[in-house]
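The structure appears below as structure tokens.
Residue numbers count from 1 along this sequence. The shown structure was predicted, so the numbers you read here are calculated from the model rather than taken from an experiment.
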Amino acid sequence: MKIKVCLIGLFVVVCALSFVPRDVYASSPLVEAILQQTDNKERHIDTEPKSFPAKFDLRSCDLDGNGELKNYVTSTKLQNTWGNCWAHGGIAAAEISILAKQRQNSVTVDATGKKRDSLDLSEHHLSWFNYAPMTAAETPTHAGEGAYSFREEEAKAKGLEYWWSKRLNSGGIGMSVTSAFSRGDGPVREPDWNNPNLTPQQKQLLYKGKNEYKAKDVRGFDVYSEADDWAIDDDQRSKKDYELNEAYILPDAATF
């Protein structure tokens, strides 16, 4: 069963800049011209302080209005070894959105009494398929479509053994996240690290290489090494445990 959710939190800053009071950008001719065009139109902007609560914290929030405070924010994850902060931020926003939609507390206690996230989505899956063009085996009519990593292509041309490190270090933006979820590539749950019975494909969704090689980062902490096999099978691309709300997936191939 898949649950439709809304992805929130990725574009808060952009939205805030779009609704600042007029005098903040009064010195900009372009913005001033746009504002002049809207002077005679209804403007849905309420800048009165009384319109906002004195405090809003999703770590202690009563969304139901019944007096029960819940935490909808999942724990902070370590993104080393890769430069994929965009994927960690996008996954965190998705987790918060899903938990808030379901009114589910982000913290659960397992059988050993240890606190865990009640929802943990795979940053590895999102990062890997951001730069993974469609293959002929997946879709003959759209083979080769998708985003390419120039760093990865250069590494392959040079015959570098660990070319996937370039893919996972190629960066991304908020649009990378929404594009992936809109086309049905994730999000998928990250399997339980402590489960000894994971299948090889399930292990690929964990945030570590297949051989679990470790290395030291610049601060001397142990991290999973990039000198490992981090590849995810192509047939895991379109797996998803949740669907982005208001996203419609066209059949292959679509004709207009």
Please round to the nearest 0.5 Å and tell me the distance separating atom OG of S149 and atom CG of N169.
9.0 Å
With ring centroids as reference points, do H88 and Y207 lie under 6.0 angstrom apart?
yes
Charged N to carboxylate O below 4.0 Å: is that the case for K77 and D117?
yes
Side chain to side chain, Q204 and Q236, heavy atoms closer than 4.5 Å
yes
Looking at every non-hydrogen atom in both residues, tell me the closest pair between A143 and T135 and how far apart they are.
CB-C, 3.9 Å
Do we see a donor-acceptor contact under 3.5 Å between the side chains of E123 and Q79?
no
Would you check, one step at a time, whether the test side-chain contact (heavy atoms from CB on, under 4.5 Å) holds for D62 with K70?
CA-CA 6 Å; D62 176 18; K70 291 183 179 179; over 6 Å; no
Is a donor on one side and an acceptor on the other found under 3.5 Å between the side chain of N195 and the backbone of N197?
yes
Taking the side chain as C-beta and beyond, is there a heavy-atom pair between W193 and L198 under 4.5 Å?
no
Are I98 and L119 side-chain neighbours, meaning at least one heavy-atom pair lies under 4.5 Å?
yes
Just verifying a value: how many Å separate D235 CG and D233 CG, rounded to the nearest 0.5 Å?
5.5 Å
Once rounded to the nearest 0.5 Å, what's the spacing between atom CD of E153 and atom OH of Y131?
12.5 Å
Does atom CZ of R103 have more than 12 heavy-atom neighbours from other groups under 6.0 Å away?
yes
Hey, could you give me the OG/CD distance between S122 and Q202, rounded to the nearest 0.5 Å?
12.0 Å
Do the non-hydrogen side-chain atoms of P191 and L206 ever get within less than 4.5 Å of each other?
yes
Between K166 and E152, is there a side-chain N and carboxylate O pair less than 4.0 Å apart?
no
Do R237 and M134 have side-chain heavy atoms sitting under 4.5 Å apart?
yes
d(E138 CD, D234 CG) to nearest 0.5 Å is 4.5 Å
Is it possible for you to say whether F56 and L99 belong to one hydrophobic cluster, with membership spreading through side-chain heavy-atom contacts below 4.5 Å?
yes
For a 4.5 angstrom cut-off between non-hydrogen side-chain atoms, does K101 reach I96?
no
Are any of the side-chain nitrogens in D185 or K240 under 4.0 Å away from the carboxylate oxygens of its partner?
no
Under the criterion side chain to side chain donor-acceptor pair (under 3.5 Å), I'd like the reasoning laid out for S106 against N71: C-alpha separation, chi angles, the key distance, then a yes or no.
CA-CA 6 Å; S106 68; N71 176 15; 3.2 Å; yes
Is the side chain of W230 donor-acceptor paired with the backbone N or O of S225 at a distance under 3.5 Å, no angle test?
yes
The single option from S127, S176, S170 that satisfies side chain to side chain donor-acceptor pair (under 3.5 Å) with N84 is S127
Go through it in stages, so that I can follow the logic: the residues are I91 and W86, the test is side-chain contact (heavy atoms from CB on, under 4.5 Å), and I'd like the CA-CA distance, side-chain angles, deciding distance and then a yes or no.
CA-CA 9 Å; I91 286 294; W86 61 274; over 6 Å; no
Same cluster or not: are V223 and Y213 linked, directly or through other Ile, Leu, Val, Met, Phe, Trp or Tyr residues, by side-chain heavy atoms under 4.5 angstrom apart?
no
Decide yes or no for I232 and H124: does some side-chain heavy atom of the first lie under 4.5 Å from some side-chain heavy atom of the second?
yes
A quick test of your reading: do over 12 heavy atoms of other residues, nucleotides or ligands sit less than 6.0 Å from NZ of K214?
no
Hey, is D241 close enough to R189 for a salt bridge, meaning N to O under 4.0 Å?
no
Do E226 and T81 get their side chains close enough for a donor-acceptor pair, meaning under 3.5 Å?
no
Grab the two heavy atoms, one from A231 and one from D229, that are nearest each other, plus how far apart they are.
N-OD1, 3.0 Å
Is there side-chain contact between E95 and D120, with heavy atoms separated by less than 4.5 Å?
yes
Nearest 0.5 Å, what's the CZ-NZ distance between F221 and K216?
9.5 Å
Using only heavy-atom distances, determine whether the side chains of N211 and D228 contain a donor-acceptor pair under 3.5 Å.
yes
